[in-house]
Amino acid sequence: SYRGQICILVLGTNDASKHGGSDKEEQLKAFGKMCRDFYLKLLEIPKLFLMPTSLLPRDVQPNHPERNPNMFPSSEIIREVCRELRGRLYPRRIRFLDLSRDVATTSNLISYPNKNILLRDNVHLTQLGNSLVVKNLFIAVNRIPSGDLNVELIAKPKPNKRAKKRKNRE
């Protein structure tokens with residue numbers, strides 16, 4: 001009776017905020033390998049539909065000024081790994097979900113068209129930020145073609161035993 005499942009993978013930004021400095025390219029390459037290996041391990045689960053997301057926005061932290069607030073390069077690595085696995089091995093079981101599109105705009109410097117999406121720590125999302133993420137997750141899951149899922153998204157209603165008994169009595 002196994003019908004498959006959707007796994008939405010939202011990674012935190014602490015490790016990715018260290019993707020900077022002189023060895024940035026090596027760090028990003030290692031991050032890509034880690035993502036690829038992790039996704040391949042998850043996709044060993046039969047019928048799993050995997051949706052890795054972009055990294056959520058963050059800003060400069062006064063307590064950790066050495067950390068890079070720009071999550072765009074790491075998010076692009078995730079996008080590329082998904083594209084590679086989708087094209088080569090799992091054409092209908094993995095899809096990148098770009099949460100940054102509506103939650104924040106990312107460029108070389110991060111700007112926030114939606115103010116008040118981060119708490120004072122400049123990392124964690126506010127209620128508004130969380131609601132934007134949930135809205136985007138809901139929209140994305142509902143846009144997956146059912147043929148890609150191999151799942152019945154809407155559970156069939158269980159037969160009403162009382163109605164059956166009533167019908168038999170009549």
Side-chain angles (χ1 to χ4, degrees), residues 4-43 45 48-87 90 92-145 148-149 151 153:
Q5 56 190 336
I6 299 171
C7 176
I8 298 172
L9 190 57
V10 183
L11 298 176
T13 60
N14 282 346
D15 291 330
S17 71
K18 297 173 186 171
H19 295 163
S22 61
D23 62 342
K24 178 181 178 178
E25 293 306 315
E26 290 87 28
Q27 291 176 19
L28 287 170
K29 189 175 180 180
F31 180 69
K33 181 183 178 340
M34 187 251 347
C35 289
R36 186 177 297 101
D37 293 347
F38 186 49
Y39 301 166
L40 286 170
K41 191 70 177 163
L42 286 171
L43 288 164
I45 300 170
L48 176 79
F49 190 91
L50 183 60
M51 292 184 75
T53 70
S54 58
L55 298 172
L56 294 171
R58 63 186 290 152
D59 204 351
V60 176
Q61 290 179 278
N63 297 343
H64 301 284
E66 76 285 357
R67 291 194 177 167
N68 182 1
N70 188 353
M71 297 294 106
F72 187 68
S74 303
S75 292
E76 284 304 300
I77 295 290
I78 295 170
R79 179 192 309 270
E80 287 303 314
V81 170
C82 289
R83 184 177 293 138
E84 173 198 336
L85 296 180
R86 186 171 172 84
Y90 297 101
R92 299 182 75 181
R93 292 189 47 213
I94 185 169
R95 180 167 297 166
F96 176 75
L97 173 55
D98 191 356
L99 291 177
S100 297
R101 187 179 18 207
D102 289 336
V103 177
T105 301
T106 352
S107 61
N108 289 336
L109 299 172
I110 296 179
S111 61
Y112 300 102
N114 298 308
K115 298 294 182 198
N116 302 318
I117 64 167
L118 293 177
L119 295 174
R120 288 182 181 210
D121 66 3
N122 289 331
V123 174
H124 297 97
L125 295 173
T126 62
Q127 186 173 354
L128 172 62
N130 282 318
S131 67
L132 288 168
V133 169
V134 169
K135 178 186 104 178
N136 281 286
L137 292 174
F138 183 76
I139 290 169
V141 167
N142 281 298
R143 286 187 177 159
I144 301 169
D148 285 3
L149 289 174
V151 203
L153 287 180

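Since this is a predicted model, take the numbers as computed values, not measurements. Worth knowing before you read on, the calculation uses all heavy atoms, side chains too, and leaves out hydrogens, waters and symmetry mates.
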Inset, instruction - Using the test ring-ring contact (aromatic ring centres under 6.0 Å, His included), find all partners of Tyr90 that sit at least two apart in sequence or belong to another chain. - result: none
Legend entry - Met71 backbone acceptor or donor facing Ser74 side chain under 3.5 Å: no
Legend entry - Min side-chain heavy-atom separation Arg83-Arg79 under 4.5 Å: yes
Inset, instruction - Over all heavy atoms of both residues, which pair between Arg95 and Ile144 is shortest? Give the atoms and the distance, please. - result: NH1-CA, 3.7 Å
Inset, instruction - Please report the shortest heavy-atom distance between Ser54 and Leu99, naming the atom on each side. - result: OG-N, 2.8 Å
Legend entry - Gap between atom CZ of Arg36 and atom CD1 of Ile78 - 0.5 Å precision: 12.0 Å
Legend entry - Side-chain heavy-atom pair Ser17, His64 within 4.5 angstrom cut-off: no
Legend entry - From Asn142 atom CG to Leu137 atom CG, the distance as rounded to the nearest 0.5 Å: 11.0 Å
Legend entry - Any Leu119 side-chain heavy atom under 4.5 Å of Leu125 side chain: no
Legend entry - Donor-acceptor contact below 3.5 Å, side chain Arg93 vs main chain Leu48: yes
Inset, instruction - Evaluate whether atom CD of Gln127 has more than 12 neighbouring non-hydrogen atoms of other residues, nucleotides or ligands under 6.0 angstrom away. - result: no
Legend entry - Taking every non-hydrogen atom, the tightest pair across Phe49 and Ile94: CE1-N, 4.3 Å
Legend entry - Where Arg86 and Arg92 come nearest, the two heavy atoms and their spacing: NH1-CA, 4.3 Å
Legend entry - Sidechain-backbone polar pair: Thr13 side chain, Ala16 backbone, donor-acceptor under 3.5 Å: no
Legend entry - Side-chain heavy-atom pair Leu9, Leu42 within 4.5 angstrom cut-off: yes
Inset, instruction - Determine the minimum heavy-atom distance between Pro52 and Tyr39, stating which atoms define it. - result: CB-OH, 3.4 Å
Inset, instruction - Answer yes or no: does atom NE2 of His124 have more than 12 heavy-atom neighbours from other residues, nucleotides or ligands under 6.0 Å? - result: no
Inset, instruction - Could you tell me whether Asp37 and Lys33 have a side-chain N and a carboxylate O separated by less than 4.0 Å? - result: yes
Legend entry - Pairwise distance CG(Leu85) to CG(Leu40) - rounded to 0.5 angstrom: 5.0 Å
Inset, instruction - Using atom types as modelled and distance alone, determine if a side-chain donor or acceptor of Ser75 lies under 3.5 Å from a backbone N or O of Leu55. - result: yes
Inset, instruction - Indicate the atoms forming the closest heavy-atom contact of Leu11 with Phe31, along with that distance. - result: CD1-CZ, 4.3 Å
Inset, instruction - Working to the nearest 0.5 Å, report the span between OG1 of Thr126 and CG of Leu118. - result: 7.0 Å
